[in-house]
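What follows is a structure written as structure tokens; I'll ask about it next.
Chain A is the first sequence line, chain B the second, and so forth, proteins listed ahead of strands; every chain is numbered from 1.
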2 protein chains.
Amino acid sequence: MTVSKAAVVDAAKASRTVRKEPAEEATETSPLHLGELSELLGYSLKRAQLKVFEDFLHCVAPLQLTPAQFSVLLLLEKNPGRNQTEIANTLGILRPNFVAMLDGLESRDLCARARSANDRRSHILMLTDKGRAVLARAKKLVASKHEARLNELLGPANRAALLSMLTKIAREF
Amino acid sequence: MTVSKAAVVDAAKASRTVRKEPAEEATETSPLHLGELSELLGYSLKRAQLKVFEDFLHCVAPLQLTPAQFSVLLLLEKNPGRNQTEIANTLGILRPNFVAMLDGLESRDLCARARSANDRRSHILMLTDKGRAVLARAKKLVASKHEARLNELLGPANRAALLSMLTKIAREF
DNA sequence: GGTATTTGATATAGTGGATAACAATTATTA
DNA sequence: TAATAATTGTTATCCACTATATCAAATACC
């Protein structure tokens with residue numbers, strides 16, 4: 001009955017797990033007016049992004065992969081033999097921060113560093129067999145649970161239009 | 001206020017300020033294949049959000065307002081007399097983290113805390129005159145520089161459709 | 001051969017987000 | 001009414017992510 005506006009997270013959880021804890025009342029005050037906030041593209045963009053990432057984490061939880069880690073694995077699969085700088089750059093990750101990230105993936109035996117024959121400074125990156133297997137499972141989870149849910153909410157045409165505009169902003173803005 | 005110099009940032013600057021620094025060469029290797037990354041909605045969502053926030057920062061830089069601060073001022077304007085918990089909750093900010101944020105705004109005399117008469121625990125929040133003035137100027141900058149640029153890139157109809165879908169995801173996903 | 005650049009790495013700092021706990025105050029209820 | 005629970009603002013603290021400077025090793029450039 002009481003619409004809990006307390007936490008966005010709770011609303012999300014409730015949407016897939018109906019729970020009826022009476023303690024979740026949260027003093028019923030009149031809802032606030034967003035005003036021009038609802039016309040601010042950046043605001044909706046941020047809120048939507050948090051929701052999507054949260055759902056991604058949830059869907060791929062059994063594999064313990066973050067969106068960033070998933071993007072690295074995807075990139076390694078399609079671009080074998082690249083070094084850390086190249087992978088990090090195309091993902092917008094700074095090289096210093098990419099080191100710890102790779103350490104994590106490598107310690108889980110999902111990818112491996114190998115010294116390049118041409119340039120002994122750089123590390124060639126590649127997926128391990130386990131990395132390929134985990135990535136394959138992750139793809140299935142993302143497609144069947146995560147993206148499918150977005151498709152259901154927006155419809156295929158709208159989803160495509162949304163993706164197109166977001167890509168345009170990301171590239172040309 | 002730190003105008004970062006990451007790769008993404010440089011690309012953005014280049015899009016509005018054509019510069020020809022020969023040092024910006026960056027070893028010309030063949031571009032990497034994004035693969036299914038370009039079909040991942042969350043990925044484009046995140047990259048687009050970073051771009052939009054970056055441009056917001058740039059457009060409203062003379063007023064030294066972050067997107068989060070701007071959203072607080074907007075909310076205070078449309079909802080005078082609310083307390084910290086209410087404002088923080090509707091913005092998805094946790095109360096502990098909202099304290100320092102308010103400290104910053106209050107120290108700049110953009111808003112003020114006042115003890116409530118009914119409930120002496122809570123602080124009633126309101127814009128100061130300076131806060132109203134700064135907000136008015138910020139709105140003009142955002143509309144004329146930031147949102148106008150998005151409109152120019154997408155077109156009014158597409159922009160409206162994008163906002164609609166993002167809002168839907170933020171609320172219903 | 002000497003200088004500059006690149007690569008991976010380390011250290012470090014800043015920021016945003018999250019939880020636990022606390023005093024003061026208010027609400028509940030026994 | 002007295003005792004207990006809940007709420008508010010706050011502090012402290014932790015974690016994740018981001019950003020910069022710097023380094024040694026290796027390579028590229030004159």
Whole-Å distance between D:dC17 C1' and B:Gln49 CD?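 In whole Å, D:dC17 C1' lies 13 Å from B:Gln49 CD.
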Rounded off to whole Å, could you give me the CZ-to-P distance for the B:Phe98 and C:dA18 pair?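 Distance, rounded to whole Å: 15 Å.
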Just the table, please: protein N/O against nucleotides 24-29 of chain C N/O, every pair under 3.5 Å.
unit_1 : atom_1 : unit_2   : atom_2 : d
C:dT25 : O2     : B:Arg121 : NH1    : 3.3
C:dT26 : OP1    : B:Arg120 : N      : 2.9

Once salt bridge (Lys or Arg N to Asp or Glu O under 4.0 Å) is applied, do any residues pair with A:Arg121, and if so which ones, sequence neighbours excluded?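 Salt bridge (Lys or Arg N to Asp or Glu O under 4.0 Å) list for A:Arg121, sorted by chain: A:Asp119.
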Please report the distance, rounded to the nearest Å, between CZ in B:Phe53 and C1' in D:dC17.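 My rounded result for the distance is 15 Å.
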Whole angstrom value for the distance that separates P of C:dG17 from NZ of A:Lys51: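 Those two atoms, NZ and P, are 16 Å apart.
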Before accepting this row, confirm whether a basic side-chain N of the pair B:Glu172/A:Lys51 lies closer than 4.0 Å to the acidic partner's carboxylate O.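 The answer is no: the pair does not qualify as a salt bridge.
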In whole angstrom, give the distance that lies between atom CG of B:Asn83 and atom C1' of D:dT7.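 One finds 10 Å between C1' of D:dT7 and CG of B:Asn83, rounded.
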May I have the distance from A:Ile93 (atom CD1) to C:dA9 (atom C1'), rounded to whole angstrom?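 So the CD1-C1' distance, A:Ile93 to C:dA9, works out to 16 Å.
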d(CG, A:Leu91; C1', D:dC17) in whole Å: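 Spelled out: CG on A:Leu91 to C1' on D:dC17 is 15 Å.
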Are side-chain heavy atoms of B:Arg95 and B:Asn89 found at a separation under 4.5 Å?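 B:Arg95 reaches B:Asn89 side chain to side chain.
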Show me the protein contacts with nucleotides 10-14 of chain D, counting only N or O atoms at under 3.5 Å.
unit_1 : atom_1 : unit_2   : atom_2 : d
D:dT10 : OP1    : B:Arg113 : NH1    : 3.4
D:dT10 : OP2    : B:Gln84  : OE1    : 2.9
D:dT10 : OP2    : B:Gln84  : NE2    : 3.0
D:dT10 : OP2    : B:Arg113 : NH1    : 2.5

State, with a plain yes or no, whether a side-chain heavy atom of B:Leu65 is found less than 4.5 Å away from one of B:Gln69.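 Result yes, sub-4.5 Å side-chain heavy-atom pair found.
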Between the two ends of the helix from C:dG1-D:dC30 to C:dA30-D:dT1, what is the bend in degrees, rounded to 10 degrees, where each end axis spans five pairs?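 For the helix from C:dG1-D:dC30 to C:dA30-D:dT1, the axes at opposite ends meet at about 20°.
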For residues 153-167 of chain B, which residue pairs qualify under side chain to side chain donor-acceptor pair (under 3.5 Å), counting only residues two or more places apart or in two chains?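 Qualifying pairs: A:Ser44-B:Thr167, B:Glu147-B:Arg159.
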Relative to each other, are the rings of A:Phe70 and A:Phe56 parallel, tilted or perpendicular (30° and 60° limits)?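 Ring orientation, 0 to 90° scale: tilted.
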For atom CZ of A:Arg47 and atom P of C:dG17, their distance in whole Å: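 It is 10 Å, rounded to the nearest whole Å.
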Results of salt bridge (Lys or Arg N to Asp or Glu O under 4.0 Å) for B:Glu152 - residues two or more places apart only: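 Scan of B:Glu152 (salt bridge (Lys or Arg N to Asp or Glu O under 4.0 Å), adjacent residues dropped) gives none.
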